[in-house]
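By convention here, the first residue in the shown sequence is residue 1. Everything quoted here is computed from the prediction, not taken from an experiment. For ligands, and for the atoms within them, numbers begin at 1 and follow the listed sequence. Values below: every heavy atom of this structure, side chains too, minus hydrogens, waters and symmetry copies.
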Amino acid sequence: DTKIIKIDKSNIDKKLMIEAGDIVKSGGVVAFPTETVYGLGANGLDENAVKKIYEAKGRPSDNPLILHISSIEELDDLVEEVTDLAHMIMKRFWPGPLTIIFKKSRIIPNIITAGLESVAIRMPSHPIALELISLSGVPIAAPSANTSGRPSPTNADHVVEDMYGKIDMVIDGGSTGVGLESTVLDLSGEVPTILRPGAITLEDLKEMIPNIIQDASILHKDVTPKSPGQKYRHYAPKAEMILFTGDIDDIVNKINTSTKELILSGKKVGIMATEETKDKYEDGVVIVSGSRRKRETIASNLFKTIRDFDHADVDIILAEGVELDNIGMAIMNRMTKAAGGKIINL
Ligand code: TXA
Ligand code: MG
């Protein structure tokens with residue numbers, strides 16, 4: 001059975017957290033909140049414990065995991081070297097929604113890296129995550145706490161939906177803030193590369209890393225990604241999803257005409273709208289993801305919105321795209337994947 005505990009992140013119940021830490025220590029699996037999405041955590045140095053994560057998620061074994069630490073000192077044992085650049089980046093962005101890829105040290109089990117020579121490390125800023133890592137006394141391996149292929153969980157209900165009965169404990173710490181998974185930055189090779197965009201944006205990182213590049217697969221589904229996890233169908237709603245990009249007035253018009261046609265052909269249509277456009281839709285199940293003027297709100301609600309369309313049982317989702325700068329890149333990366341590459345540029 002899965003035990004569900006509620007923890008208030010601004011008044012953490014130490015006794016319950018010790019229980020959670022003990023589960024991790026003794027080889028169990030605990031889902032916990034981070035500032036990005038919920039993670040499915042186990043002792044990252046214990047192969048058998050990590051196996052349970054792959055089983056619970058149904059995750060392909062060639063997709064490596066992120067190790068979560070609670071202080072920068074814990075890094076030394078886990079990686080081969082920490083460059084000056086890595087030091088600068090960690091100082092600026094940790095704790096926070098940034099994962100860094102390093103050359104791995106010998107103590108990292110193969111199951112973590114899926115056989116790669118590099119390892120992904122992140123120090124989250126969420127107080128419950130930090131407390132869990134520190135109480136368990138080990139680096140915590142944690143992918144997003146969803147069934148492989150499904151949208152990442154941004155609240156405990158999502159976790160329970162996917163993981164109930166498959167893991168030892170869920171720590172319900174409320175909704176996560178950022179809502180999209182961490183930026184993955186590869187500092188293990190010649191050229192610093194963003195493998196997965198997130199709330200720490202290309203623009204943020206460029207200030208310190210002028211020669212940084214983005215993996216070409218981020219928005220193009222025909223390019224093979226450098227990050228193994230990026231090649232799988234992800235964030236998939238149950239319904240088919242089509243993403244519309246271009247001028248917002250054109251998007252609204254096109255979604256309105258498409259919705260009418262689809263309804264005539266007997267389909268239940270969902271529209272992923274925004275605060276600014278929601279009143280312009282005449283038919284369909286309209287769900288607002290957030291505000292176009294404050295795209296962090298769209299990031300924060302995106303995965304929940306996709307799950308809400310599942311619960312509304314629509315046959316097809318027509319979704320508004322956003323601009324590609326700053327957090328827009330991360331939003332469009334997830335939306336492109338959710339749509340399985342079905343994009344209409346207007
Ligand atoms: O925000 C997050 O990062 C969340 C929370 C729980 O911390 N975790 C998360 O983990 O998103 P996961 O497993 O769903 O995504 C990890 C990504 C995958 O795309 C994986 O392929 C990539 O990081 N990755 C892990 N190790 C890697 C490595 N050594 N080289 C390249 N990519 C790596
Ligand atoms: Mg994931």
Side-chain angles (χ1 to χ4, degrees), residues 29-42 44 50 53-54 56-70 78-80 93-105 108-126 128-130 132-133 139-154 158-159 162-163 171 173 176-189 193-200 215 217-218 224-236 299 303 330 333-334 337-338:
V29 179
V30 174
F32 62 99
T34 81
E35 74 279 23
T36 56
V37 300
Y38 272 75
L40 202 56
V50 175
I53 293 179
Y54 282 92
K57 276 184 71 85
R59 180 172 174 117
S61 61
D62 65 346
N63 190 1
L65 302 177
I66 299 170
L67 289 181
H68 295 68
I69 58 177
S70 59
L78 307 176
V79 305
E80 174 99 1
F93 296 107
W94 278 5
L98 177 72
T99 295
I100 303 176
I101 313 276
F102 296 90
K103 294 200 174 93
K104 70 167 190 176
S105 80
I108 309 288
N110 264 324
I111 190 167
I112 292 291
T113 63
L116 296 174
E117 286 307 308
S118 58
V119 63
I121 317 254
R122 160 161 134 79
M123 180 173 160
S125 64
H126 197 291
I128 295 176
L130 288 171
L132 181 68
I133 300 162
I140 294 189
S144 48
N146 52 284
T147 301
S148 215
R150 300 267 302 136
S152 297
T154 52
H158 299 161
V159 178
D162 284 14
M163 291 298 152
I171 303 177
T176 60
V178 173
L180 301 178
E181 306 85 347
S182 61
T183 307
V184 176
L185 172 64
D186 188 352
L187 294 181
S188 72
T193 307
I194 295 179
L195 303 183
R196 179 175 74 182
I200 307 291
D215 193 52
S217 71
I218 282 175
T224 304
K226 270 198 176 158
S227 190
Q230 297 302 97
K231 71 173 178 275
Y232 297 103
R233 174 119 201 255
H234 252 91
Y235 319 119
F303 292 144
N333 167 260
R334 304 319 190 269
K337 285 180 193 295

Donor + acceptor pair across side chains of T99, S182 (<3.5 Å): yes
Spacing of I194 atom CD1 and I200 atom CD1 [to the nearest 0.5 Å]: 10.0 Å
Given 3.5 Å as the limit, does a donor-acceptor pair link the side chain of K57 with the main chain of N146, or not? yes
If you have a sec, work out which protein heavy atom is nearest atom 6 (C) of ligand 1 and how many Å separate them, to one decimal? G39 CA, 3.5 Å
Note: ligand 1 atoms sitting under 4.0 Å from heavy atoms of E181 are 1 (O), 2 (C), 11 (O)
Could you check if a side-chain atom of I133 sits within less than 4.5 angstrom of a side-chain atom of P124, using non-hydrogen atoms only? yes
Does the pair N110 and K104 meet the rule for a side-chain contact (heavy atoms from CB on, under 4.5 Å), with working shown? CA-CA 10 Å; N110 264 324; K104 70 167 190 176; 3.4 Å; yes
Hey, looking at atom 20 (C) of ligand 1, which of N146, N63, L65, L40 has the closest heavy atom? N63
In the protein, which heavy atom is nearest to atom 8 (N) of ligand 1, and how far is it? A142 O, 3.6 Å
Using a 4.0 Å heavy-atom cut-off, say whether R196 meets ligand 1 through its side chain, its backbone, both or neither. side chain
Report yes if some N/O of R59 lies less than 3.5 Å from some N/O of ligand 1; otherwise report no. yes
Under the rule for side chain to side chain donor-acceptor pair (under 3.5 Å), what residues qualify as partners of R334, not counting sequence neighbours? E181, Y235
Out of T193, V184, I112, who gets a non-hydrogen atom closest to atom 23 (O) of ligand 1? V184
So, N333 side chain and P197 main chain: donor-acceptor pair closer than 3.5 Å or not? no
Walk me through it: do Y54 and L65 pass the test side-chain contact (heavy atoms from CB on, under 4.5 Å)? CA-CA 10 Å; Y54 282 92; L65 302 177; 3.6 Å; yes
Rounding to 0.5 Å, atoms NZ (K337) and OG (S217) come to a distance of 6.0 Å
Atoms of ligand 1 less than 4.0 Å from L116 heavy atoms? 28 (C), 29 (N), 30 (N)
Counting no waters, what protein N/O/S atoms lie under 2.8 Å from the Mg ion (ligand 2)? S144 OG
Top protein contact for atom 16 (C) of ligand 1, by heavy-atom distance: I66 CD1, 3.6 Å
Tell me which protein heavy atom sits closest to atom 32 (N) of ligand 1, plus the residue, atom name and distance to 0.1 Å. S227 OG, 2.9 Å
Using a heavy-atom cut-off of under 4.0 Å, does the side chain or the backbone of E117 touch ligand 1, or both, or neither? neither
Please state whether P124 comes within less than 4.0 angstrom of ligand 1, counting heavy atoms only. no
Is a donor on one side and an acceptor on the other found under 3.5 Å between the side chain of D186 and the backbone of T193? no
Nearest protein heavy-atom contact for atom 27 (C) of ligand 1: which residue, which atom, what distance? P64 CG, 3.4 Å
Non-hydrogen atom of L195 closer than 4.0 Å to ligand 1: yes
In this structure, atom 28 (C) of ligand 1 is nearest to the protein heavy atom I101 CD1, 3.5 Å
Would you find a donor on one side and an acceptor on the other, under 3.5 Å apart, between the side chain of R122 and the backbone of G96? yes
Atom 4 (C) of ligand 1 - nearest protein heavy atom and its distance: V37 CG2, 3.8 Å
For H68 and ligand 1, answer yes if some heavy atom of the residue is under 4.0 Å from a ligand atom, otherwise no. yes
Using modelled atom types only, decide if a donor and an acceptor are shared between the side chain of Y38 and the backbone of H158 within a distance under 3.5 Å. no
Under the 3.5 angstrom rule, does the side chain of R196 hit a backbone N or O of A330 as a donor-acceptor pair? no
Donor-acceptor pair, side chain of T113 and main chain of S118, under 3.5 angstrom: no
Of the choices S118, S148, S144, A114, which has the non-hydrogen atom that lies closest to atom 29 (N) of ligand 1? S118
Starting from the C-alpha separation in whole Å, work towards a yes-or-no answer on side-chain contact (heavy atoms from CB on, under 4.5 Å) for T183 and F93. CA-CA 11 Å; T183 307; F93 296 107; over 6 Å; no
Among protein heavy atoms, which lies nearest atom 3 (O) of ligand 1, and at what distance? S182 OG, 2.5 Å
